[in-house]
Enquirer: 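Have a look at this one.
This chain uses plain numbering: 1 for the first residue, then up along the sequence. FYI, side chains are in, hydrogens and waters are out, and symmetry mates aren't considered; it's all heavy atoms of this structure. Not measured: the values here are computed from a predicted model.
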Amino acid sequence: MKKHILNLALVALTVVVVALSVWGPEAMAKYRDRDMFDTVNVATEETEGSGYRYQLSPDDKLYILSRCLDSQDAPGTEQSALTREPDAAYQELAGSYAFIANRNDPSDSEITGEEIYEAANDGLARLKELGILPEEIRDVQAGAYDAALYSAIDVPEPRNNVAVWKLSLIGTPRNTDKENRLIDAYIDADDGRIYEFYVRSQMKWEEIDADRLVRQWADYMGLSTPEDYESENPLLETTPCYQKYVFTNENGDRTIVTVGFYEGIGELFLKISR
């Protein structure tokens with residue numbers, strides 16, 4: 001009798017196991033679907049390319065921009081036949097860096113075309129406050145300046161890039177008043193800091209303390225401490241009135257910063273180069 005009951009129990013257990021193997025997966029799937037359907041599920045996904053650009057240090061950004069600007073082989077002022085004019089849609093270096101006109105709208109984190117003039121004036125005000133620029137330099141106005149957005153890109157690592165606005169005083173008509181005005185500038189599209197500038201003023205080279213000026217500018221930009229740049233080449237600039245400095249990032253990449261002055265036209269400049 002006990003053996004008969006045991007056999008029946010084994011048969012019943014076998015039936016249950018077979019039933020679960022046939023209908024179990026489908027039932028479980030329906031149960032999971034019931035929890036998922038008509039429900040919004042949010043998951044955070046981290047991808048290698050997420051983010052609009054790597055967070056570069058100020059020294060890295062300075063170096064990348066300097067490499068890209070050097071591709072244009074032009075100084076930066078009328079004194080040398082006017083300068084970096086990246087008007088082509090795409091200008092490429094003979095190496096690993098490119099300077100590209102940005103035809104798209106700025107990203108949400110970047111200064112827009114409507115905001116760039118206010119940002120430039122804020123930057124000029126800060127440079128005056130630090131004693132880098134003379135107080136008589138006038139504010140910029142939208143109608144008097146051309147503004148164009150560019151991307152300076154490390155081509156092998158394109159996520160290493162710097163977005164900048166180029167602001168240039170419109171040179172026509174010929175009688176444009178340039179006294180005490182910003183002529184050209186490259187401005188960071190993220191924070192509005194002024195990398196490079198050319199301004200007309202009543203200053204004299206003898207009145208300019210280039211060492212103090214470059215240190216103040218380095219603090220303003222968040223850069224490392226500048227060092228004197230020594231060179232035996234007497235023809236580095238088209239003016240005898242200049243001082244050169246070097247900034248070095250953590251990778252040992254060097255950027256040359258020049259503070260100079262064109263006496264004939266009374267133009268103070270700070271420019272970056274490789």
Side-chain angles (χ1 to χ4, degrees), residues 54-77 79-80 83-84 86 93-99 123 126-127 130-133 150-157 160-164 166 183-188 190-191 193-199 203 205-263 267-274:
Y54 280 145
Q55 187 66 39
L56 298 169
S57 72
D59 287 297
D60 290 335
K61 294 172 74 172
L62 184 74
Y63 177 73
I64 291 172
L65 182 58
S66 73
R67 292 296 304 266
C68 293
L69 292 182
D70 271 358
S71 69
Q72 298 169 73
D73 294 327
T77 176
Q79 187 73 6
S80 300
T83 61
R84 301 165 171 159
L93 282 173
S96 301
Y97 294 84
F99 200 60
R126 182 58 179 152
L127 295 183
L130 293 170
I132 295 171
L133 293 181
Y150 292 90
S151 292
I153 301 175
D154 177 355
V155 175
E157 293 289 342
N160 293 344
N161 64 87
V162 183
V164 295
K166 182 185 179 185
I183 304 300
D184 280 296
Y186 283 97
I187 301 172
D188 194 299
D190 289 329
D191 57 29
R193 297 185 187 183
I194 300 176
Y195 283 102
E196 180 174 298
F197 59 80
Y198 295 80
V199 297
M203 299 178 68
W205 177 242
E206 294 77 16
E207 302 170 352
I208 299 170
D209 185 346
D211 292 342
R212 188 197 63 81
L213 189 154
V214 79
R215 287 195 303 269
Q216 291 285 71
W217 176 79
D219 288 343
Y220 158 76
M221 295 296 299
L223 298 167
S224 58
T225 302
E227 299 178 359
D228 291 340
Y229 177 75
E230 303 293 341
S231 175
E232 297 179 356
N233 182 359
L235 302 176
L236 290 176
E237 298 293 332
T238 55
T239 173
C241 305
Y242 70 89
Q243 293 281 351
K244 287 185 177 289
Y245 306 87
V246 61
F247 291 83
T248 306
N249 66 11
E250 292 183 353
N251 297 324
D253 301 319
R254 305 199 313 164
T255 304
I256 308 302
V257 171
T258 304
V259 176
F261 191 78
Y262 291 102
E263 291 184 305
E267 186 164 297
L268 169 67
F269 66 87
L270 184 148
K271 71 174 182 178
I272 61 177
S273 58
R274 178 164 58 91

Enquirer: Do you know the tightest heavy-atom contact between R212 and G131?
Expert: NH2-O, 2.7 Å
Enquirer: What class does the angle between the rings of W205 and F261 fall in, given that below 30° is parallel, 30 to 60° is tilted and above 60° is perpendicular?
Expert: parallel
Enquirer: Please lay out, stage by stage, how S231 and K244 fare under the test side-chain contact (heavy atoms from CB on, under 4.5 Å).
Expert: CA-CA 9 Å; S231 175; K244 287 185 177 289; over 6 Å; no
Enquirer: Should M221 and L62 count as side-chain neighbours, where that means a heavy-atom distance under 4.5 Å?
Expert: no
Enquirer: Quick one: do I272 and L69 satisfy side-chain contact (heavy atoms from CB on, under 4.5 Å)? Show the steps, please.
Expert: CA-CA 8 Å; I272 61 177; L69 292 182; 4.1 Å; yes
Enquirer: Which of these passes salt bridge (Lys or Arg N to Asp or Glu O under 4.0 Å) with D188: K61, K166, R193?
Expert: K61
Enquirer: Any donor-acceptor pair under 3.5 Å linking the side chain of D253 with the backbone of Y63?
Expert: no
Enquirer: So, S66 and Y195: side-chain donor and acceptor under 3.5 Å apart, yes or no?
Expert: no
Enquirer: State yes or no: are the ring centers of F99 and Y150 separated by less than 6.0 Å?
Expert: yes
Enquirer: Got more than 12 heavy atoms from elsewhere within 6.0 Å of CD, E250?
Expert: no
Enquirer: Can you tell if the side chain of I256 reaches within under 4.5 Å of the side chain of Y245, non-hydrogen atoms only?
Expert: no
Enquirer: Side chains of T255 and L65, heavy atoms from C-beta outward: is any pair under 4.5 Å?
Expert: no
Enquirer: With rounding to the nearest 0.5 angstrom, report the CG to CD1 distance, D59 to I64.
Expert: 11.5 Å
Enquirer: Does Y186 offer a backbone N or O that forms a donor-acceptor pair with the side chain of E196 under 3.5 Å?
Expert: no
Enquirer: What's the separation between atom OG in S273 and atom CZ in R254, rounded to the nearest 0.5 Å?
Expert: 10.5 Å
Enquirer: Give the C-alpha distance, both sets of side-chain angles, the deciding distance and a yes or no for side-chain contact (heavy atoms from CB on, under 4.5 Å) between V259 and W217.
Expert: CA-CA 11 Å; V259 176; W217 176 79; over 6 Å; no
Enquirer: Tell me, do V257 and Y229 make a side-chain contact under 4.5 Å, heavy atoms counted?
Expert: no
Enquirer: Would you give the length of the straight line joining atom CD1 of I194 to atom CZ of R126, rounded to the nearest 0.5 angstrom?
Expert: 12.0 Å
Enquirer: Working to the nearest 0.5 Å, report the span between SG of C68 and CD1 of I153.
Expert: 7.5 Å
Enquirer: Is there a donor-acceptor pair closer than 3.5 Å between any side-chain N or O of Q243 and the backbone N or O of A210?
Expert: no
Enquirer: Provide the closest heavy-atom pair for N161 versus L56 in the form atom of the first, atom of the second, distance.
Expert: O-CD1, 3.7 Å
Enquirer: Going from CZ on F269 to OG1 on T239, what distance comes out if it is rounded to the nearest 0.5 angstrom?
Expert: 6.5 Å
Enquirer: In Å and rounded to the nearest 0.5 Å, what is the OG to CG distance from S57 to N251?
Expert: 8.5 Å
Enquirer: Identify the two heavy atoms, one from S224 and one from A218, that lie closest to each other, and give their separation to 0.1 Å.
Expert: O-CB, 4.0 Å
